[in-house]
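Residue numbers begin at 1 in each chain, while the letters A, B, ... track the order of the sequences.
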Amino acid sequence: MLKKLKKLISSVQADYVDIRYEEKKETILSMIGPELKKAKSNNTDGFVVRTLKNGGFSSVTVTREEDVPEALLLAIEGSRFMSEAGNKYSLASVDPIEDSIDPKLNGDPAAVPVSEKIALLAKYNNIMLTEPEISNTDLEYNETDREKFFVSSEGTSIRERLCTLYIKGEVFAKRGDSLQSVRVGIGTANGISDLVDRDEVFVKKAKLARELLTAKQVKAGIYNVILNPELTGVFVHEAFGHTSEADGLESNLPLRKMMKIGTSLGSNIVNITADSTIPNQIGFYRYDDEGVPVRRTQLLRNGVLAGRLHSRRTAVEFSESATGHCVAEDQNTEPIVRMGNIFLEPGEVTFEELLKEMDSGLYLCDCCGGSGGVNFNFAAQYGYVVEGGKIGKMVRGINILGNLFTTLKDVVNMDNEMRFSGTGICRKGSQMNFKSGYGGPSVFVRSMKIGGI
Amino acid sequence: MQRLLKLAVTEGYEAEVFSHRERSIRLSKVNGVVGSIPASIYSGVSIRVIKDGRIGTAYTMNLSDREALLSKATLSMKAGIEAGFSFPESGFVNFTDEYDPLIEEMSFANLNRQLSVMESYYKEVAQGSLYVYGGCSTTEIRIVNTSGADLLHKNSEVYGTVYVVNPLAGYAMKNSAIGVSRVEVLPSDVKRTVDLYNRSLSEVEIDNGRMKVLFTPDSMIALTYRLDEASSAKAFSQKISPLLNRANQLVISPLLSRVNDPTANPSRRRLFDDEGVQTERIPIFEKGVFSNAYNDLDLAYKLKTKPTGTSFREGQMGKKVAQNPSPCLSSVKFATGDKSFKEILGMIDRGVIVSGVAGVSSGSNLNGDLSVRMTGLYVENGEVVGKLKNAMITGNIYDILSNVIAVENRSHYTNSISQDPSILFDDVQIVAF
């Protein structure tokens, strides 16, 4: 395939050209209640070409090989248009690489029959359905096995296989007219064995859905809060992570001024890192979709901005180095600047000590939607009232409203227990990225705005 | 497609073949400077086969090996997913009324010229940035099935959205426009957005409380997201809809009727859905009374009702063939009322205009509970005073939708499935910080 790709771009008249071909094998199984609703395994593929000519940079995605020549012509037309529109883009220099990567999987799903995967899904589904007052479930098994081939006119030639798995969905509890739901999910880039024997996750979420039936709606107001690791991760990803993506930042001049490297943005105990090299996390990969090796990137060190996430183009725009974060959702999309795994680093105290330090407020857990950016809002799946350093009654209907910079400054402390999400979906523009991991410890933040009733 | 269908027939299957081809170029600009210009040429084919009450599905982006695709569908069928329905006898349709072949060849420069014209309407913006996203595309959908249907839908569109952005305050107001051959801008809509934006530049603080709230078409999604989910046959089948057992009952204000009608969509007309069922006008609510849940073939069979022509394959960027059809409103709106926007504004002694919302799907949606961040403009005696700094709308959508004061006499294109008028509600809880 790599040879074929080299041939396809060999005659293109441009300053730079690359081509990516991906073959994607996916298995999707889903159950609603006791009923199997989807069971399909498919192979699909596609190409993405990008050209740089006289400062004009352009990309075209195409599904059929016979359409690649037309796509290359369209890309060159786009480069010409961009150049004439005054763009003078260039790409950060990187060493040409030849490599072939296969992940070390703890159980290759390709070797497991579909019937066993259905049985695994049905097992977790039944675990939830048999809990009292659980009225329904909506659960999906998703296995995406991508084999990517990347060739550039600079001599880079890479093959990388990425295998991502998750089981996730929702569990519904009902009592009379009261209906509550809780999101549930497990995921990995480390092989199918990681999805086995995880019964406790599904039992816990079903019980939570039931408990929510009697939880009181939180009162709107300003509270000291402790965010659990999942909510910490969501905050770090949605509010800070997206603001660290250079392609979104480059044309937002006021924000760009505020996000100057070396600026103190938060409490001096806050450290945030993007690291897609962690092998067992869902955001794992070795090379991005520009053929750049991804590297661990410290974004915030002791509250001071230390780095940001780049493509080769944005690295030049900011006079910084490429970080290997230019990633496409799949064979149908062009690469854009993306997080893989991102996390807030743990502190030193225990969770009990953190509760005592806060004394009173809310302990907020897990996330069920929201929107990110500098001004963010996230809904917590559930929470507890904390009084005298002790966890009390459960509350629901919690929506956190905040500003990134205020929140970073209002971080008081964090505990020493770090957890990753295991699953993650990130929408940016029209692309959805399932290889998006986030995490952190439990974090005590003062004076957060909570919408309720 | 016909060869694939014949192959399925030789296996003794009922079958449907769905093909999708799309060519598009897109362009984004910030303050007049072109930022990115992605383009795509997608095609794909999906097959569904039914035998002995079981269904199998498979798809490919490259139909080079028909036998392999059919084998995948057969394998899928062996998992035992039940299907009680048959593919519809929809005859022959060739709908190309909204197709302009010149759009196949539209250049980036031509698209940029159209978007620049759109941008030029925003000269009166006092301060802030202009983000422009637009594109043009041609789409071809063809469905053939063993019940004799051979349906073709071919359309073109040129579209654009202009966001007036206040980067530091972190909010934006927008207008969208679309047309078969060019973006058709409505200057009065732009003027309204620019006026509201210019009045939002000063911030005001108010006490929390219940007041009149005017939802603009772009913010109606905070209410309709939950309402439309609840009226889906999927929610009925899962028994999680709060509208269960509420058929023919008054659920929302009698001033509100909500109708899905893809045959009358001025910009994205469809004569059949993605399962080949003829589309039609389906009232979801008539004068506040819940009338119909919308469904697909599978759920229509299971719920013992007739298909509503509302089954679509969701998914962007060439993923249509990868998705199974499911219930989806494609062209829905609240019926218009009898007041102009200006008249409605004059009816607000103290209240808020919601010009945008964020995180609409957050929280538990099942009971209609709502707690979303908004861009809220505070109004006193019919005049916008300024923007609320941090504000949320909280409550329950069924309570809000039951308390309507007035409905605008025009609906607006918003680059979503819903094209609503502005609606003024009474007694809505606003939480401001």
Is the positively charged end of B:Arg313 above the ring of B:Phe18, judged by distance under 6.0 angstrom from the centroid and angle within 45° of the axis? yes

Name the region of [X], side chain, backbone, both or neither, that has any atom closer than 4.5 Å to a heavy atom of chain A.
X: B:Ala391; result: backbone
X: B:Asn208; result: neither
X: B:Ser36; result: backbone
X: B:Val372; result: backbone
X: B:Tyr171; result: neither
X: B:Lys234; result: side chain

Counting distance only, does the side-chain N/O of [X] pair as donor-acceptor with the main-chain N or O of [Y] below 3.5 Å?
X: B:Thr74; Y: B:Leu70; answer: yes
X: A:Lys257; Y: A:Met259; answer: no
X: A:Asn399; Y: A:Gly451; answer: no
X: B:Ser232; Y: B:Glu229; answer: no
X: A:Arg256; Y: A:Leu249; answer: no
X: A:Gln431; Y: A:Glu329; answer: yes
X: A:Asp366; Y: A:Gln381; answer: no

Heavy-atom cut-off 4.5 Å, strictly under: side chain, backbone, both or neither for [X] against chain B?
X: A:Ile450; result: backbone
X: A:Glu65; result: backbone
X: A:Asp247; result: neither
X: A:Asn375; result: both
X: A:Thr137; result: backbone
X: A:Leu401; result: side chain
X: A:Arg80; result: neither
X: A:Glu26; result: side chain
X: A:Met258; result: side chain
X: A:Leu179; result: both
X: A:Asp45; result: both

Does the side chain of [X] pick up a donor-acceptor pair with the side chain of [Y] at under 3.5 Å?
X: A:Asn142; Y: A:Thr144; answer: yes
X: B:Ser28; Y: B:Tyr131; answer: no
X: B:Asn324; Y: A:Lys37; answer: no

Heavy-atom pairs under 4.5 Å with chain B - which of [options] has more of them than the others?
options: A:Asp138, A:Ile398, A:Val48, A:Ile118; value: A:Asp138
options: A:Leu74, A:Asn42, A:Asp177, A:Asn136; value: A:Asn42
options: A:Ile28, A:Val62, A:Val60; value: A:Val60
options: A:Phe47, A:Tyr89, A:Phe172; value: A:Phe172
options: A:Gly78, A:Gly373, A:Ala75; value: A:Gly78
options: A:Asn43, A:Val114, A:Leu255; value: A:Asn43

Looking at chain A, which one of [options] has the largest number of heavy-atom pairs inside 4.5 Å, strictly under?
options: B:Val34, B:Thr57, B:Asn31, B:Val30; answer: B:Val34
options: B:Asn390, B:Leu27, B:Ile81; answer: B:Ile81
options: B:Met77, B:Lys78, B:Lys302, B:Glu82; answer: B:Lys302

If you measure from the Lys or Arg side-chain nitrogens to the Asp or Glu carboxylate oxygens, is any gap between B:Arg21 and A:Asp67 under 4.0 Å? yes

Presence of salt bridge, A:Arg64 and A:Glu66, under 4.0 angstrom: yes

A:Phe57 versus A:Arg50: any side-chain heavy-atom pair under 4.5 Å?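 In contact.
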
Is any side-chain heavy atom of A:Asn403 closer than 4.5 Å to a side-chain heavy atom of A:Val374? yes

